[in-house]
Amino acid sequence: MTRLESLFRRVRSRGRAALMPFLEAGDPDFEVLERMVPALVEVGAEALELGVPFSDPVADGPVLQRAAQRALHRGVRLRDVLEFVRGLRGHTDVPVALLSYANPLVRYGWEAFCRDAAAAGVDAVIPADVPADEGEALASAARRWGLHTVFLVAPTSTDRRVRLAASLSTGFLYCVSLTGTTGPRDQLSPEAVQLLRRVRQLTELPAVLGFGIASPEHARAVAQEADGVIVGSALYRVLETAEDPVRAAVDFLRPFSQALGGP
Amino acid sequence: MRAALPDARGRFGPFGGRYVPETLLSALAALDEAYTRLSQDASFRSELDALLRDYAGRPTPLYLARRLSEQLGARVYLKREDLLHTGAHKINNALGQVLLARRMGKRRVIAETGAGQHGVATATAAAMLGLPCDVYMGREDVERQALNVYRMELLGARVIPVDAGSRTLKDAINEALRDWVTNVRDTFYVIGSVVGPHPYPRIVRDFQAVIGWEARAQVLEREGRLPDAVVACVGGGSNAMGLFAAFLDDSGVRLVGVEAAGRGLHTGQHAASLTAGSPGVLHGAYTYLLQDEAGQVLGTHSVSAGLDYPAVGPEHAYLKETGRAEYVAVTDREALEAFHLLARLEGILPALEPAHALAYLPVLATRLGPGAVVVVGLSGRGDKDVDTVRRQEVLG
């Protein structure tokens with residue numbers, strides 16, 4: 001059983017959801033992130049979503065666009081991201097899912113990417129702009145190298161499309177809580193719970209909710225329906241101005257972990 | 001005969017596809033279904049044809065440029081899209097898509113624009129058909145095409161400047177896609193070129209193919225034969241694809257696309273994605289683009305805002321790979337010289353975009369030999385570029 005499979009088996013058996021912070025690879029810089037990761041695990045992060053910076057992130061709102069721009073200005077590229085994960089594996093087992101836009105992966109080569117990502121200790125790849133219709137090449141390469149592939153479903157996905165995404169996904173399914181781009185929202189999207197319930201009926205895969213989750217109350221409201229909750233933009237809104245990003249991230253995420261009742 | 005492309009998955013050979021966030025997939029499927037149905041629908045066709053004729057000014061003339069022809073030693077015909085309402089070929093596609101939006105019951109249209117021509121065309125069609133219109137435009141383009149911004153506002157559109165990334169056309173498309181992801185249920189995204197996810201490259205090509213079919217019939221009537229070559233500028237590639245579409249099966253007709261070499265291909269400051277780029281994914285399609293070795297999209301430069309784009313329509317990528325079309329690039333300086341040449345020899349100020357196609361004619365005429373017949377897509381008029389040209393002259 002893989003790290004992700006055992007995580008979600010554990011979470012489901014206790015009827016709660018895992019806290020999965022999103023970190024942009026290279027923002028803050030890798031030296032800071034290297035200290036941040038164990039601190040987040042300590043405070044209750046059970047898996048990480050690690051973003052590969054890209055020049056044209058069409059699914060992202062302003063907060064994560066800025067994070068990607070800062071990482072790119074530091075010169076961070078996909079190879080550096082894989083190197084960072086390899087370094088992390090010296091001291092932590094926390095599952096890491098890489099979120100990437102298609103082009104850095106295409107340029108690297110689907111096969112070479114899956115081989116090197118698996119070797120570096122990456123657990124899953126989440127392609128932000130590769131719908132399942134276009135995902136066969138990535139999914140088959142990932143299967144060969146033992147990497148999970150996680151496709152996304154959204155409130156606008158038909159049942160047929162949810163089944164299609166589920167058929168190519170392993171590990172978990174990424175449920176986009178709202179119709180829009182990433183970014184903190186004041187209210188939890190009313191579409192979120194509807195989507196999670198629909199996903200439950202259509203697949204056995206663990207359902208992880210992301211986009212717009214900005215407060216522990218949002219997290220608590222979906223803890224019964226989701227197997228995991230991703231917090232990204234809300235965290236980066238804090239980190240952008242934090243003097244001590246590690247401490248700021250820990251302080252920001254602790255209430256989310258408490259709201260989710262874990263680990 | 002070549003098989004009808006794209007295939008059911010939106011591919012031109014390996015190129016094309018739908019690399020966009022999942023949120024848009026159902027909307028793209030609905031668009032594909034609606035377009036396929038309406039393109040066979042006689043009432044839709046006749047409504048569009050009437051608008052193209054009575055409102056936009058089709059058919060456009062095919063003009064034999066006599067003095068230019070004498071100088072080049074070829075018979076050069078200009079397909080005069082510059083004479084259309086709003087001054088460029090963009091209106092062909094904007095009318096088609098806005099009509100499609102209305103038939104699909106959408107309540108709002110959005111568009112991206114570079115030079116402003118597609119933004120003006122969309123704002124025009126939206127005003128005439130009574131739909132609200134938001135246009136995304138990179139901040140740099142807002143500044144260098146101020147007159148077009150004001151034109152769009154006069155037409156009732158809202159122009160939204162984009163400060164992200166390189167602040168040009170690429171970033172305007174990113175922002176339009178983000179708007180569409182957010183408002184997909186009631187908004188129609190009017191894409192201005194043969195780029196983007198399937199079915200856009202097909203839809204835009206089909207709406208622009210009227211350029212090629214008219215030109216083909218006109219040149220046959222005038223010359224009694226097909227041309228030796230057709231030439232058009234390529235940014236995203238909509239006017240070139242529209243012109244080429246009618247000649248794809250005429251194997252004796254050379255198809256030549258001319259890209260922007262900017263300050264020179266060796267400087268890295270250009271927008272020649274087919275000539276100097278490599279395959280990758282941008283704005284929903286697998287196609288040629290300008291990127292670094294790690295797949296990050298590079299900044300571009302062209303004196304022509306309409307060509308200042310790091311990718312190209314996937315069907316052009318396919319025509320390059322199969323060898324059916326050839327792609328070359330000319331510099332800012334060469335395009336500016338061609339601008340002046342056409343002004344002085346023919347009394348026509350071309351837009352800087354088709355000035356690139358004109359700039360390649362001396363080389364092409366030499367290669368084809370004396371008496372060759374060439375059709376050039378004169379995709380737009382140069383009024384919008386007069387300030388840019390004057391600034392270039394002052395700077396020397």
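Values below: all heavy atoms of this structure, side chains included; hydrogens, waters and symmetry mates excluded. Just so it is clear: chains get the letters A, B, ... in the order the sequence lines come, proteins before strands, and each one is counted from 1. From a predicted model like this one, the values you see are computed outputs, not experimental measurements.
- Taking 4.5 Å as the heavy-atom cut-off, the residues of residues 285-299 of chain B that approach chain A are Y286(B), L289(B), Q291(B), D292(B), E293(B), A294(B), G295(B), Q296(B), V297(B), ordered by number.
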request  = Check the pair V176(A), E22(B) against side-chain contact (heavy atoms from CB on, under 4.5 Å), reporting the backbone distance first and the verdict last.
outcome  = CA-CA 9 Å; V176(A) 176; E22(B) 167 66 22; over 6 Å; no

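- With sequence neighbours left out, the salt bridge (charged side-chain N to carboxylate O under 4.0 Å, His left out) criterion links K90(B) to no other residue.
- At a 4.5 Å heavy-atom cutoff, P62(A) makes no contact with chain B through either its backbone or its side chain.
- Summarising the geometry, atom CG belonging to N183(B) is positioned 9.5 Å from atom OG1 belonging to T179(A); distances are rounded to the nearest 0.5 Å.
- Between chain A and the residues P21(B), G17(B), S166(B), the most heavy-atom pairs under 4.5 angstrom are made by P21(B).
- Neither the backbone nor the side chain of Y108(A) has a heavy atom closer than 4.5 Å to any heavy atom of chain B.
- Side chains of R160(A) and S26(B) form no contact here, defined as non-hydrogen atoms less than 4.5 Å apart.
- Put simply, of E175(B), H283(B), R11(B), the one with the most heavy-atom pairs under 4.5 Å next to chain A is R11(B).
- Residues of residues 125-134 of chain A that come closer than 4.5 Å to chain B, counting heavy atoms only, are A128(A), D129(A), V130(A), P131(A), D133(A), E134(A), ordered by residue number.
- Note: L24(B) CG to T156(A) OG1 = 7.5 Å, rounded to the nearest 0.5 Å.
- Heavy atoms closer than 4.5 Å to chain A are found nowhere in I173(B), neither backbone nor side chain.
- Contacts from residues 192-206 of chain A to chain B, taken as heavy-atom pairs separated by less than 4.5 Å, involve no residues at all.
- Contact check on R185(B) versus E191(A) returns a salt bridge, with a Lys/Arg side-chain nitrogen under 4.0 Å from an Asp/Glu carboxylate oxygen.
- The parts of V58(A) that come within reach of chain B are both its backbone and its side chain, each placing non-hydrogen atoms under 4.5 angstrom from that chain.
- Neither the backbone nor the side chain of L105(A) comes within contact range of chain B; no heavy atom of the residue lies under 4.5 Å from a heavy atom of that chain.
- Rounding to the nearest 0.5 angstrom, the gap separating the OG1 atom in T181(A) from the CG atom in N174(B) is 12.0 Å.
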